[in-house]
Trainee: 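Let me begin by handing over the structure; questions about it come next.
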Number of protein chains: 2
Amino acid sequence: MGVMSEETTREKIIDAARQRFSHYGYPKTTIADLAEDCAMSPGNIYRFFKGKIDIAVEIARREALTAVEVVERVLDCPVRSTRQRLEEVVFADLRYTFHLLENQPKTLELAQIVVSDRPQFQIESLRRERRVFQRILHEGHASGEFMVSNVPAATIALHGATTKYRYAQLFTNQTLPELERELAHVMTLIVRGLMPTVEGRPVPETEIPADDKHAYIDASVGVKSAP
Amino acid sequence: MGVMSEETTREKIIDAARQRFSHYGYPKTTIADLAEDCAMSPGNIYRFFKGKIDIAVEIARREALTAVEVVERVLDCPVRSTRQRLEEVVFADLRYTFHLLENQPKTLELAQIVVSDRPQFQIESLRRERRVFQRILHEGHASGEFMVSNVPAATIALHGATTKYRYAQLFTNQTLPELERELAHVMTLIVRGLMPTVEGRPVPETEIPADDKHAYIDASVGVKSAP
DNA sequence: TTAGTGAATAATCAATAAATTATTCACTAA
DNA sequence: TTAGTGAATAATTTATTGATTATTCACTAA
């Protein structure tokens, strides 16, 4: 076997860990398992990661980045209005995180382990989520479609008001369609709070956007779509 | 010792359990402990409760009713506007549940045990919470202060959007002042979504209402205020 | 009949020992 | 020097066993 650059070895470890963690879970995966998968000794793992938990942190970090990417991909789609953009992002968030917990239950376990050991991790993930909202509100403000005097405050509000609809299974055991209906009501309220009324008529209700499934089904299995 | 009516005995058990649960926690309290506190045999407890968990359920049910009562007491205060009423209720909810988890940490444990054994319990508690919102929205609709075409839908939306601010410590480790500021932003958004704009000017921001502490501090210690 | 007992049993918990696993480090090969 | 080893040790986890506890029920007293 030829010499292997540090980067590739590190990736091999992460790959092995991803498979083991998602299949057997973090606690049941041993460093010896990973070493064997990578055809190396346990000691060598520690040249690439300070400890077992750090492998989990790296995987969770990438998972969180992927989630934001999935949602940001929605941002790149051309839409009629900023309102529609906002709605699509919020629904994508609900659906992506819902399917994630449903299809990859070990992901939740991993996230909980990481957060309980590294509280900072959660804070950073939340911050990343919020940046997406901030971007949309900024766009709506610039175009005049939204009437927001204070974008950072509105971002916090939007993020807080939609908390229940990210990783919803943590809070409730409602079904996805139930949550979608509920989120539509929430968005109606929020959008009315953001947009000026036209001729005294209230802004129309939010409708549940179509579900473009392939995007996050692919992502949740870790398959990258072609560039 | 004289004969004792069923009701009084049952209350004695509940009282003993409340004390033990809040002091030592549910798992460390034994039926024998409760029996001793009530000067009876363990077997007799089972004439009043089907099992240990049912004592916890009864206590949690009353706790939940008290929480709603605390919030409903806010409803009875005369205020200038329905908007103010809504804001006071939502903030009272945040503050009451926050202090509850902070001062009586065993309450959380108890609630989690009860919910994990009786999922229906949570559903009913949520329904009760929502009824309070429904009443307010109905009032606002009747008076014309709120522009809600669909009160049940708006109720669901309001409840969902404020989820993070009930028992907030379950979701975040932000401080109460931080949560209050955040909730004010959320309420600004929601209230703007509910109220018609006047002369094109947006509805002014929500301000954090004063904290009338005695109400829920009393309640959380189980002291009833004089009628 | 009603209110209650307390020993018997089944279920759960806690403590300890045994085994496994994470992590370190002195070492080797290229 | 860089990439890697694997045995030694420290930390955790798992099994096992001996309490402890929940629950039942045949029974008693008023």
Side-chain angles (χ1 to χ4, degrees), chain A residues 1-60 106 109-110 112-118, chain B residues 1-60 106 109-110 112-118:
Chain A
M1 205 183 297
V3 173
M4 197 164 259
S5 83
E6 287 235 346
E7 251 322 300
T8 319
T9 311
R10 198 163 189 276
E11 290 306 311
K12 248 180 44 175
I13 296 169
I14 290 173
D15 255 30
R18 245 214 292 265
Q19 302 230 29
R20 291 263 181 188
F21 290 169
S22 75
H23 209 60
Y24 306 105
Y26 176 84
K28 286 219 184 300
T29 299
T30 71
I31 294 289
D33 289 335
L34 299 181
E36 192 174 13
D37 291 353
C38 300
M40 59 174 65
S41 66
N44 199 34
I45 302 266
Y46 289 85
R47 292 192 57 248
F48 300 92
F49 294 95
K50 201 162 170 321
K52 184 183 175 187
I53 188 70
D54 298 273
I55 306 177
V57 169
E58 178 62 20
I59 290 174
K106 300 287 183 193
E109 182 202 57
L110 199 75
Q112 285 172 336
I113 289 168
V114 167
V115 167
S116 86
D117 217 77
R118 305 280 168 88
Chain B
M1 205 183 298
V3 173
M4 198 164 257
S5 83
E6 287 235 348
E7 252 320 303
T8 320
T9 310
R10 198 165 189 275
E11 289 307 311
K12 249 178 49 174
I13 296 169
I14 290 172
D15 255 29
R18 242 214 294 265
Q19 301 230 26
R20 291 263 182 189
F21 290 170
S22 74
H23 209 60
Y24 306 105
Y26 176 84
K28 286 220 185 300
T29 299
T30 72
I31 293 289
D33 288 336
L34 299 181
E36 192 175 14
D37 291 352
C38 300
M40 60 173 66
S41 66
N44 199 36
I45 303 264
Y46 288 85
R47 293 191 54 247
F48 301 92
F49 293 95
K50 201 160 170 319
K52 184 182 175 186
I53 187 73
D54 298 273
I55 306 177
V57 169
E58 178 61 20
I59 291 174
K106 300 288 182 191
E109 181 203 57
L110 199 75
Q112 285 172 335
I113 289 168
V114 167
V115 167
S116 86
D117 217 78
R118 305 280 166 88

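Residue numbers start from 1 in every chain, and the chains themselves are labelled A, B, ... in the order their sequence lines are given, proteins ahead of strands. Keep in mind that what you see is a predicted model, and the values were worked out from it rather than measured.
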Trainee: Before accepting this row, confirm whether a basic side-chain N of the pair K12(B)/D15(B) lies closer than 4.0 Å to the acidic partner's carboxylate O.
Mentor: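 No.
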Trainee: List the atom of D37(A), the atom of A16(A), and the distance in Å for their closest heavy-atom pair.
Mentor: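 So the two residues come closest at CB-CB, 3.8 Å.
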Trainee: Please encode protein proximity along nucleotides 22-30 of chain D as a string of B, S and -, counting only heavy-atom distances under 4.0 Å.
Mentor: SBB------
Trainee: Using the test side chain to side chain contact (heavy atoms under 4.5 Å, CB included), find all partners of D117(A) that sit at least two apart in sequence or belong to another chain.
Mentor: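 Applying side chain to side chain contact (heavy atoms under 4.5 Å, CB included) to D117(A) gives I53(A).
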Trainee: From I55(B) CD1 over to R18(B) CZ, what is the distance, rounded to the nearest 0.5 angstrom?
Mentor: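 CZ of R18(B) is found 12.5 Å from CD1 of I55(B).
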Trainee: With the side chain of F48(A) defined as its heavy atoms from C-beta on, choose the nearest nucleotide among dG4(C), dT5(C), dG4(D).
Mentor: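 For the F48(A) side chain, the nearest candidate turns out to be dG4(D).
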Trainee: Please determine, for the side chain of S41(B), which listed nucleotide (dA3(C), dA3(D), dG6(C)) has the closest atom?
Mentor: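 The closest nucleotide is dG6(C).
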Trainee: Between atom CE in M40(B) and atom C1' in dT2(C), what is the gap in whole Å?
Mentor: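 The distance from CE of M40(B) to C1' of dT2(C) comes to 14 Å, rounded to the nearest Å.
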Trainee: Starting from P on dT21(D), measure out to CZ on R20(B) and report it in whole angstrom.
Mentor: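 That distance rounds to 11 Å.
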Trainee: Quick one: side chain to side chain contact (heavy atoms under 4.5 Å, CB included) partners of T30(B), sequence neighbours excluded?
Mentor: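 Only A32(B), D33(B) meet the side chain to side chain contact (heavy atoms under 4.5 Å, CB included) criterion with T30(B).
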Trainee: Using heavy-atom distances to pick each residue's nearest nucleotide on DNA chain D, tell me which of K28(A) and I45(A) is more 5'.
Mentor: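 Counting from the 5' end, the first nearest nucleotide belongs to I45(A).
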Trainee: List DNA chain C stems (3 or more consecutive Watson-Crick/G-U pairs, under 3.5 Å)?
Mentor: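 Consecutive-pair runs (3 or more) involving DNA chain C: C:1-30 with D:1-30.
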Trainee: Of the non-hydrogen atoms in K106(A) and H23(A), which two are nearest, and what is the gap between them?
Mentor: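 Distance-wise, the nearest heavy atoms are CE-O, 4.0 Å.
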Trainee: Who are the ring pair (Phe, Tyr, Trp, His ring centres under 6.0 Å) partners of Y26(A), not counting sequence neighbours?
Mentor: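 For Y26(A) the ring pair (Phe, Tyr, Trp, His ring centres under 6.0 Å) partners, ignoring immediate neighbours, are F21(A).
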Trainee: Give the rounded distance in Å between these two atoms: CD of E36(B) and P of dT5(C).
Mentor: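 Rounded to whole Å, this separation is 12 Å.
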Trainee: For Y46(B), enumerate each residue passing the side chain to side chain contact (heavy atoms under 4.5 Å, CB included) test, keeping only those at least two apart in sequence or located in another chain.
Mentor: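 Listed in chain order: I31(B).
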